[in-house]
Amino acid sequence: MHHRFTEEQLMIKELAQRIAEEKIKPVRQKYDEEAIFPWDIVKELAQTDLFRVFIPVEYDGMVEEGLGITNMCIVTEELSKACGGIALAFAGSGLGAFPILLFGNEEQKKKYLPQIASGEKLAAFALTEPEAGSDAGAVRTTAKRDGDYYILNGNKIFITNGGEADIYTVIALTNPEKGARGASAFILEKGTPGFEFGKKEDKMGIRASATRELIFNDA
Ligand SMILES: Cc1cc2nc3c(=O)[nH]c(=O)nc-3n(C[C@H](O)[C@H](O)[C@H](O)COP(=O)(O)OP(=O)(O)OC[C@H]3O[C@@H](n4cnc5c(N)ncnc54)[C@H](O)[C@@H]3O)c2cc1C
């Protein structure tokens with residue numbers, strides 16, 4: 001299938017290419033070797049409005065129609081050409097934002113999406129557990145209703161942007177008897193009581209990306 005980018009997408013691509021060339025290339029080796037999280041690059045992406053490319057205009061983004069996934073992929077691809085690890089700080093935030101975008105209520109969208117669009121806060125998506133990788137339906141983390149809130153218990157592993165992000169979309173079971181069909185997505189903010197960070201993976205590659213365990217203990 002032949003697909004042509006729009007004028008706007010070509011501009012996004014060019015901007016991401018420039019950041020990759022001018023800002024990422026000079027630091028990529030150091031950040032990878034020393035496993036440094038690229039906050040300065042995140043700031044650069046925020047200042048150049050690149051976190052807005054996958055968020056609708058009504059939530060301070062720049063997507064007028066549809067989902068902006070192609071825009072997100074364009075940026076991720078260009079940044080990855082310089083450093084896959086640094087690109088993941090951007091892509092991981094998109095991954096954490098999309099469940100809110102697709103299934104969040106209006107209050108949640110208004111609260112979280114503008115913060116992600118401005119790049120002021122990063123998001124993360126948490127599905128994987130020690131016994132639930134490829135077999136995502138084997139998730140064991142539970143969410144039990146308690147008045148207006150849900151209380152989460154369990155742990156997630158290998159979470160991109162773990163510890164660095166402020167906004168976490170977490171998959172947990174509200175009805176364990178139903179298995180995967182009893183799963184829902186929850187938004188957890190960093191700093192929520194009972195929500196802690198565990199082991200940060202000391203990876204063999206893409207080391208500028210933070211890959212970390214999340215622990216929910218009556219969170
Ligand atoms: C750098 C990094 C970042 C990540 N970021 C995130 C994140 O942000 N959020 C998140 O939720 N998760 C994240 N993950 C987790 C990732 O999604 C899982 O690693 C992935 O789902 C695979 O699960 P697993 O590692 O448990 O491998 P397993 O599921 O144990 O698979 C191991 C191997 O067995 C094969 N295999 C598994 N089942 C079968 C089968 N039935 N038949 C044949 N072959 C099979 C697989 O293809 C694979 O080669 C990340 C992982 C990495 C490495």
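We use all heavy atoms of the structure for the numbers below, so side chains are in, but hydrogens, waters and symmetry mates are not. In each ligand, atom 1 is the first atom listed, and ligand 1 is the first ligand listed. This structure is a prediction, so every number in the text was calculated from the model and none was measured.
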Could you list each N/O atom of ligand 1 together with any protein N/O atom closer than 3.5 Å, one pair per line with the distance?
| from | atom 1 | to | atom 2 | distance (Å) |
| --- | --- | --- | --- | --- |
| ligand 1 | 5 (N) | F158 | O | 2.8 |
| ligand 1 | 5 (N) | T160 | OG1 | 2.8 |
| ligand 1 | 8 (O) | F125 | O | 3.4 |
| ligand 1 | 8 (O) | T160 | N | 3.0 |
| ligand 1 | 8 (O) | T160 | OG1 | 3.3 |
| ligand 1 | 9 (N) | F125 | O | 2.8 |
| ligand 1 | 11 (O) | L127 | N | 2.8 |
| ligand 1 | 11 (O) | T128 | N | 2.9 |
| ligand 1 | 11 (O) | T128 | OG1 | 3.2 |
| ligand 1 | 12 (N) | T128 | OG1 | 2.7 |
| ligand 1 | 14 (N) | F158 | O | 3.3 |
| ligand 1 | 17 (O) | T128 | OG1 | 3.4 |
| ligand 1 | 23 (O) | S134 | N | 3.3 |
| ligand 1 | 29 (O) | S134 | N | 2.9 |
| ligand 1 | 29 (O) | S134 | OG | 2.7 |

Test salt bridge (Lys or Arg N to Asp or Glu O under 4.0 Å) applied to E58 - qualifying residues, sequence neighbours left out = none
inquiry  = Suppose we screen for salt bridge (Lys or Arg N to Asp or Glu O under 4.0 Å). Which residues come up paired with E64, at least two apart in sequence or across chains?
reply    = none
query = Counting distance only, does the side-chain N/O of D60 pair as donor-acceptor with the main-chain N or O of A117 below 3.5 Å?
reply = no
remark   = On a heavy-atom basis, the closest approach of V139 and A132 is N-CB, 3.6 Å
key: Pair listing, salt bridge (Lys or Arg N to Asp or Glu O under 4.0 Å) test, anchored in residues 26-39, at least two apart   = K30-E34
ask   = What pair of heavy atoms forms the shortest contact from V53 to V75, and how long is it?
value = CG2-CG2, 4.0 Å
